[in-house]
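Everything on this sheet refers to the single structure shown next.
A, B, ... follow the sequence lines: proteins, then strands. Residue 1 opens every chain.
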Amino acid sequence: MDVNLITFLAGTNQSFVNKVDNLVRHWRIGTKGTCKLEADLQVTMMYLYMLPRLSGTYALTSEQITNVINSLVTILNVTNVNITNTTVINNIVTNIVNNTYININNITNINNEVPPYITTYAGVDDFTVTVIHTKNKLEVDVEVYENDITGLQLVYPDVTVIDENTVEVHFTSTSDGKIYIY
Amino acid sequence: MALTLALQNSVGDYTQITLTDTTGDYSSTNVGGWGVPNIELSSVVYAHLIVTLPSGAVVDIDIINDLEIDFSTVTSDELVYNLTYEMLYSQSSEATLPDGIYAIQYAIADQVALDEDASYILNTNIMTYYTVQAGVFERIGEIPTYYKCASCGNQYVKETTTLFMLLQSLIAASTYSSTVQFTSILTVIEDILSFDSTNTENCGC
């Protein structure tokens, strides 16, 4: 599979925007436990600022750039993309600086992405779903997708972190769909 | 109206400062330009760039002799001055310009020496930050190594985020020629970068 890096960066920027929008919505409804998401987004912001500006004597090593891109892929949950060829990475950065396009070859399935815990839910009126996710951490990202006539829609119910492996999701009306825990 | 000098600068690859005279030719819409009734380019016999380096050392560059600009033939759109590292630091090889403020005085006269009544002077500052920017990028490049505990309390990320914020403000200070703030922020970034954060065990896990 060939991936154009400009397209890749455009995609990651779009994912970044979506995640920030997600964070803002969590803030509006007063969700607790968003600090990990904030830290992830700060890291992403720095990556996305730095990558197109690398040049000259002090540019990073191929290994560092590969790690940064793979970290981006992991944080933004980009699926099925892992850039493994460091020579290509160097060309990519050079070409980004020169504002030209290049195709990336050597794309393999990502092997270091931690998959989300996914569960389905359904309930009527006011109800609470207890999710045991085995992530073994307090700072988890919770995304809830509700079924409606157009398909799955991202919604923002109240979330309570119970412990490292348990969260409660509170719904105020009849609903069904999927819960993703990152 | 007398000649009103104007300069544009770019730092390019950080081994030289490129100054472009953007004064332009005299016209009804550019009354401070080169040519009658102002001083003509061909009349220039004194043209210097006096550069005060971040270290405080002063370098006097004779545009006519050192940069070999022939004012008897040059046109206003050809006045481009490349100040290389070699020239500014009297070194035999190129290197990255040290970070800091380069205070530049652009002086022109139609007499062999500057004179209060017959000279034109423009003072400008150019601020470079390439080395500290590279240092901050190096820190960002190391985040994947130290951001493993998946916690919002990661000390390395916190420090790097602070450095990133300081770098953004340094760039803004450079853009808006805020010399006092630039110097202050640059010093802090250099201080923080001198710490060895790679030894931190405090990842907040």
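Inspection of non-hydrogen atoms places B:Gln168, B:Ile171 of residues 167-174 of chain B under 4.5 Å from chain A. Listed in order of number, the residues of residues 64-89 of chain B that approach chain A to under 4.5 Å between heavy atoms amount to none.
Neither the backbone nor the side chain of A:Glu38 comes within less than 4.5 Å of any heavy atom in chain B.
When all heavy atoms are compared, the tightest approach of A:Met46 to B:Val157 is CE-O, 4.4 Å.
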### Query
Step by step, would you call A:Met50 with B:Phe164 a side-chain contact (heavy atoms from CB on, under 4.5 Å)?
CA-CA 10 Å; A:Met50 175 189 71; B:Phe164 183 72; over 6 Å; no

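Taking a 6.0 Å sphere around NZ of A:Lys178, one finds it holds 12 or fewer heavy atoms contributed by other residues, nucleotides or ligands. In A:Ile162, the CD1 atom is crowded: over 12 heavy atoms of neighbouring residues, nucleotides or ligands sit closer than 6.0 Å.
Atoms CD and OG1, on A:Gln42 and B:Thr160 in that order, are 10.5 Å from each other to the nearest 0.5 Å. Atom CG of A:Leu72 sits about 10.0 Å away from atom CD1 of B:Ile143, to the nearest 0.5 Å.
A 4.5 Å side-chain heavy-atom check between B:Ile140 and A:Tyr49 finds every atom pair outside the cut-off.
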